[in-house]
Amino acid sequence: QKGGYPHFMLKEIHEQPTAFHNTVSPRIVDGLPNFACDKICDEDLRRFERVVVVACGTAMHSGYVGQYLIERLARLPVTVEIASEFRYKNPILNRDKDLVIIVSQSGETADTLAALRLAKKQGVFVLGIVNVVGSSIAREADAVIYTWAGPEIAVASTKAYTVQISVMYLLAIKFAMLRGFADEAFAREYTSNLMSVEEHIAEILKDSQSFQFYASKLQNAHDLFYLGRGLDYALAMEGSLKLKEITYIHSEAYAAGELKHGPISLIVDGTPVIALGTQKSLFEKMASNIKEVKSRGACVFLICDDTCENTAQIADFVIKLPALPEIFMPLLSVAPLQLLAYYTSILRGCDVDKPRNLAKSVTVE
Ligand code: F6R
């Protein structure tokens with residue numbers, strides 16, 4: 001059942017190249033994103049002037065990636081809402097101009113389903129990004145883009161997140177074309193870059209040893225910080241959640257620029273900091289944030305691409321990834337974050353597939 005892996009979580013981490021392939025390739029026709037297999041045509045998407053992503057936990061974190069992508073490529077405003085907040089705040093929605101995207105692996109999360117029903121009641125078009133076929137959210141949404149990750153058994157979501165963000169890339173490129181921010185050549189180039197990700201993820205997953213080593217440096221930590229800017233901040237949120245849920249180590253994600261507005265007071269000698277530095281255009285700023293925490297004694301793990309130079313001077317440990325245009329780096333940095341959490345959990349003797357107090361699907365409020 002675990003396909004030779006000791007835990008479902010590790011199996012599911014390793015299934016990511018296949019999950020990515022199964023989700024992305026049916027939606028690329030003639031080298032461009034195409035949602036015909038989801039019965040969504042260009043005319044359905046053209047009228048929207050705002051996107052509201054509503055979800056919980058990891059699924060919500062995929063919304064933050066979507067926000068950066070869609071705003072950057074298509075200049076279409078995106079807000080991301082916590083489903084349990086959205087449902088009780090009498091949200092402002094415009095039935096003619098807003099697209100509500102509901103993201104859910106299980107398709108059964110109570111708050112997310114309630115958010116969907118609320119949006120539908122207000123007459124807003126609801127698009128579900130869902131992994132479980134025939135689930136409540138898939139049935140009730142106006143349109144569904146299924147993620148083809150296959151069953152996810154481990155409580156901590158891994159491959160479902162990767163395919164959720166893959167769909168966000170496809171949507172961002174599609175919206176960019178529809179709104180005149182990408183011509184065909186540009187969209188083709190982005191789509192082909194996206195397709196190249198699969199082999200890079202597979203390559204990254206071959207190296208489990210170094211993650212076991214990094215995990216040995218984290219296993220006794222009490223507090224941990226994840227820092228990033230731009231898309232790296234969105235990934236920091238997901239990395240931090242993954243670590244805390246399966247290792248029970250307290251961790252926080254911060255936009256690196258927020259550090260000096262409070263959290264830097266928590267950095268003491270030896271505090272581990274996972275610094276995401278995959279966004280080339282922001283690297284210099286990130287490097288100065290890393291220096292700030294280092295000078296307060298932090299032990300810095302830097303995740304960056306393999307073209308970054310002089311990294312040994314700023315970080316204690318460096319995790320280098322294949323260099324792609326920065327916008328695609330989230331698809332490569334997610335696996336290292338998952339592996340760090342996984343191996344740290346193992347070293348701490350935690351029940352990695354079934355962490356305490358957590359259920360796979362939160363079907364009650
Ligand atoms: C974290 C995790 C949860 C879920 C959240 C939403 O690893 O799995 O945060 O992402 O409960 O679940 P779905 O996607 O089923 O709506």
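One-based numbering, in listed order, for ligands and for the atoms of each. Note that the structure is predicted; figures quoted are calculated from it, not measured.
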Worksheet entry | Per-atom contacts, ligand 1 versus A156 - under 4.0 Å to a heavy atom | 7 (O)
Practice prompt. Step by step, work out the ring-ring contact (aromatic ring centres under 6.0 Å, His included) result for H61 and Y161.
Written response: CA-CA 8 Å; H61 291 161; Y161 173 81; 7.4 Å; no
Worksheet item: Could an N or O of ligand 1 be found under 3.5 Å from any N or O of Q105, whether backbone or side chain?
Response: yes
Worksheet item: If you group Ile, Leu, Val, Met, Phe, Trp and Tyr whenever their side-chain heavy atoms sit less than 4.5 Å apart, what else falls in with V52?
Response: V54, F86, L93, V100, I102, L113, L116, L118, V124, V126, V130, V133, I137, V144, Y146, W148
Worksheet item: In terms of side-chain heavy atoms, does H250 have a donor or acceptor partner in D223 at a distance below 3.5 Å?
Response: yes
Practice prompt. Please report the C-alpha distance between S196 and N193 in whole Å, then the side-chain angles of each, then the deciding distance to 0.1 Å, and finally whether the side-chain hydrogen bond (donor to acceptor under 3.5 Å, both in side chains) criterion is met.
Written response: CA-CA 5 Å; S196 78; N193 267 312; 4.6 Å; no
Item to complete: Check each atom of ligand 1 against the heavy atoms of S106 and keep those under 4.0 Å away; list them by number with element.
Response: 13 (P), 15 (O), 16 (O)
Discussion item. Could you tell me, atom by atom, which parts of ligand 1 come under 4.0 Å of a heavy atom of G57?
Written reply: 9 (O)
Discussion item. For atom 11 (O) of ligand 1, what's the nearest protein heavy-atom neighbour? Residue, atom name and distance, please.
Written reply: V362 CG2, 4.3 Å
Worksheet, complete the sentence: of all protein heavy atoms, closest to atom 4 (C) of ligand 1 is T58 N, 4.0 Å
Worksheet item: Between V155 and ligand 1, which residue portion shows a heavy-atom distance shorter than 4.0 Å: side chain, backbone, both, or neither?
Response: backbone
Item to complete: Could you name each residue pair satisfying side-chain hydrogen bond (donor to acceptor under 3.5 Å, both in side chains) that touches residues 314-340, not counting sequence neighbours?
Response: Q16-Q338, R72-E326, S281-E326, K294-D316
Worksheet item: Which atoms of ligand 1 have any heavy atom of C56 under 4.0 Å away?
Response: 5 (C), 6 (C), 10 (O)
Worksheet item: Short list, please: which atoms of ligand 1 are under 4.0 Å from a heavy atom of E245?
Response: 1 (C), 7 (O)
Fill in: Under 3.5 Å side-chain donor-acceptor pair for K280 and T307
yes
Worksheet entry | Pair Y190 + F328: ring centers closer than 6.0 Å | yes
Practice prompt. State the atoms of ligand 1, each with its element, that fall below the 4.0 Å cut-off from a heavy-atom position in A59.
Written response: 10 (O), 14 (O)
Worksheet item: Taking the side chain as C-beta and beyond, is there a heavy-atom pair between K242 and S157 under 4.5 Å?
Response: yes
Item to complete: Decide whether an N or O pair under 3.5 Å exists between T109 and ligand 1.
Response: yes
Worksheet, complete the sentence: Note: K242, heavy atoms under 4.0 Å from ligand 1, region reported as side chain
